[in-house]
2 protein chains.
Amino acid sequence: MANWYDPFLQTLEDAQDLADLQTASEQLRDLLNIDHVVYHWVSASGEQYGCGTYDPNWVRHYLEQDYLRVDPVILGCYQRFHPADWKRLDWSSKAARAFMKDAIKHGLGNQGYSIPIRGPKGQFALFTVNHSSDDAFWTTFTENHRRSLILVAYAFNQKALEFEGSADRGPQKGLSPREIDAMTLLAVGYSRAQAATALSISEHTLRVYIESARFKLGAMNTTHAVARAMSQGFIVV
Amino acid sequence: MANWYDPFLQTLEDAQDLADLQTASEQLRDLLNIDHVVYHWVSASGEQYGCGTYDPNWVRHYLEQDYLRVDPVILGCYQRFHPADWKRLDWSSKAARAFMKDAIKHGLGNQGYSIPIRGPKGQFALFTVNHSSDDAFWTTFTENHRRSLILVAYAFNQKALEFEGSADRGPQKGLSPREIDAMTLLAVGYSRAQAATALSISEHTLRVYIESARFKLGAMNTTHAVARAMSQGFIVV
DNA sequence: TTTCCCTTCGCCATAAATGGGGAGGGCCCA
DNA sequence: TGGGCCCTCCCCATTTATGGCGAAGGGAAA
């Protein structure tokens with residue numbers, strides 16, 4: 001228990017609301033003695049939530065400019081599991097370099113390290129530390145703190161999920177085995193006729209499964225039902 | 001660096017192939033002095049891979065019995081982000097209890113602790129420690145090792161992804177913004193006509209996006225395309 | 001024991017999606 | 001500056017999906 005981060009993790013675990021996470025991110029920035037600490041997530045329903053030490057003007061500007069579509073950190077981390085040093089991302093497009101220039105103008109450091117985190121139902125979050133320094137300093141910093149940052153990112157996400165999860169959380173009616181079979185086959189490209197053949201049942205029976213699955217999932221059509229079944233973890237494709 | 005797990009994490013990071021992960025799991029079992037350590041994953045394409053100290057007979061039996069559909073550990077962890085003590089999962093169904101009885105008969109301990117891990121493209125993995133003990137011992141054990149187990153799980157997954165990723169990894173042609181818009185709207189239940197209206201374009205134009213997205217994703221139909229776009233992380237619903 | 005849910009099947013009519021043509025303007029990168 | 005990709009629009013014919021009606025046996029839970 002001689003780690004600097006154990007007490008901080010405890011603070012995180014004691015957080016009661018999103019405001020506490022905000023305070024914690026500022027605290028961590030001071031602990032690590034770096035420019036910025038940011039936690040940012042996209043929930044299953046597409047809502048966004050972020051807390052951290054970026055200038056609020058930058059955050060607003062970021063959203064207004066729709067930088068989510070440009071930001072190489074988002075684009076890069078979305079496809080990977082490993083934490084990423086910003087230097088190693090793809091900055092080849094003109095838009096990406098312009099974005100970074102704009103970011104630095106708004107107070108961001110030139111160095112960054114982001115940890116992607118994924119939750120159930122397609123939740124995606126990023127935990128980022130940012131600083132202004134030379135490469136050597138940053139390499140040492142990230143190597144030294146890699147593991148602790150993973151734990152911190154994990155704890156941030158755990159809390160954020162906890163706060164959100166307590167809100168909705170319906171009864172979660174599950175799908176029957178046959179409904180799961182049907183959804184799975186449709187998700188991998190089978191037409192209704194093909195899926196029926198694959199399951200050795202009549203096409204009409206298959207329709208019954210699809211319709212009941214659609215009803216349970218509250219979906220408008222088959223595509224919607226499959227999408228929901230996927231994002232709610234009923235099927236794995 | 002006074003932790004027991006830092007040298008072990010180093011071992012994991014030095015692993016060269018899946019066999020090394022197998023050895024590592026045995027090593028960790030002995031380090032922690034518990035019955036079993038298992039890492040198990042399901043890749044985006046539905047393939048499974050596991051390594052760990054379970055009796056191979058049990059693994060075979062598990063697959064033959066299609067226990068994936070019954071196992072409360074899988075079912076429970078798939079919906080959550082937090083690590084789960086097996087005691088706190090849902091054992092209410094008859095099938096679940098029969099499954100556990102069968103498991104113990106094959107050498108599993110009565111206590112378990114599983115950490116769900118998610119990667120890009122819908123990858124899902126579980127890292128599990130298992131032991132035969134009373135509740136008090138297990139509670140203490142999991143409380144003491146929670147954080148280190150998260151890091152170990154993370155490291156296992158990182159390596160597994162690394163080994164798999166080096167194999168295929170196509171050029172990963174991305175979708176255009178409009179294609180993403182189209183896929184997103186379809187995924188949330190819009191029909192083609194509705195989606196076209198929402199995007200203020202003609203329905204025919206929308207069709208062009210759907211078809212080109214389908215082509216890029218190698219999908220057979222719209223539902224398939226949306227499913228692929230979701231599991232490959234192009235859209236978030 | 002009754003009630004709910006799961007599984008299975010059929011027919012008919014309409015709405016929606018797909019396949020295959022063709023066409024023009026714009027932007028970015030080499 | 002030319003090729004490649006992106007965005008936008010239109011028609012026709014065919015295949016496929018959906019909506020609505022009804023029906024029956026089996027199993028598990030209450």
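Just so we're on the same page: letters track the sequence lines, and every chain starts at 1. Bear in mind that the values here come from a model prediction, so they are computed numbers and not experimental data.
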Rounded distance in Å - [atom1] ([X]) to [atom2] ([N]):
X	N	atom1	atom2	value
B/Ile210	D/dA17	CD1	P	15 Å
A/Phe215	C/dC5	CZ	P	10 Å
B/Tyr190	C/dA17	OH	P	14 Å
B/Leu199	D/dT8	CG	P	8 Å
B/Lys216	D/dG4	NZ	C1'	12 Å
B/Asn221	C/dG19	CG	P	8 Å
B/Glu179	D/dC7	CD	P	6 Å
B/Gln194	C/dA16	CD	P	9 Å

What pairs of nitrogen or oxygen atoms, one from the protein and one from nucleotides 10-14 of chain D, lie under 3.5 Å apart?
residue: D/dC10; atom: N4; partner: B/His204; partner atom: ND1; Å: 3.0
residue: D/dC10; atom: N4; partner: B/His204; partner atom: NE2; Å: 2.5
residue: D/dC11; atom: N4; partner: B/His204; partner atom: NE2; Å: 3.2

Side-chain heavy-atom pair B/Ile210, B/Met183 within 4.5 angstrom cut-off: yes
Taking the side chain as everything from C-beta on, heavy atoms only, tell me whether B/Leu108 gets closer than 4.5 Å to B/Asp35. no
If the cut-off is 4.0 Å, is A/Ser176 near the phosphate of C/dT7, judged by side-chain N/O to OP1 or OP2? yes
D/dT8, OP1 or OP2 - any side-chain N/O from B/Tyr209 closer than 4.0 Å? yes
Is there a donor-acceptor contact under 3.5 Å linking the side chains of A/Asp135 and A/Gln111? yes
Is a side-chain donor-acceptor pair under 3.5 Å present for B/Tyr62 with B/Asp102? no
Considering only side-chain heavy atoms of A/Thr222, which listed nucleotide, C/dT7, D/dC9, D/dA17, is closest? D/dA17
Can you figure out which of D/dG19, C/dG19, D/dC7 approaches the side chain of B/Glu211 most closely? C/dG19
Contacts of B/Arg178 and A/Met220 projected onto DNA chain D by closest heavy atom; the upstream (5') one is B/Arg178
Aromatic ring proximity, centroids under 6.0 angstrom, A/Tyr154 and B/Phe81: yes
Would you list the pairs meeting salt bridge (Lys or Arg N to Asp or Glu O under 4.0 Å) in which at least one residue belongs to residues 196-209 of chain A, sequence neighbours left out? A/Arg192-A/Glu203, A/Arg207-A/Glu211
For A/Ser191, report the nucleic acid contact type (base, sugar-phosphate, nothing); a contact means any heavy atom under 4.0 Å. sugar-phosphate
The criterion is side-chain contact (heavy atoms from CB on, under 4.5 Å); which residues satisfy it with A/Thr140, sequence neighbours excluded? A/Asn144
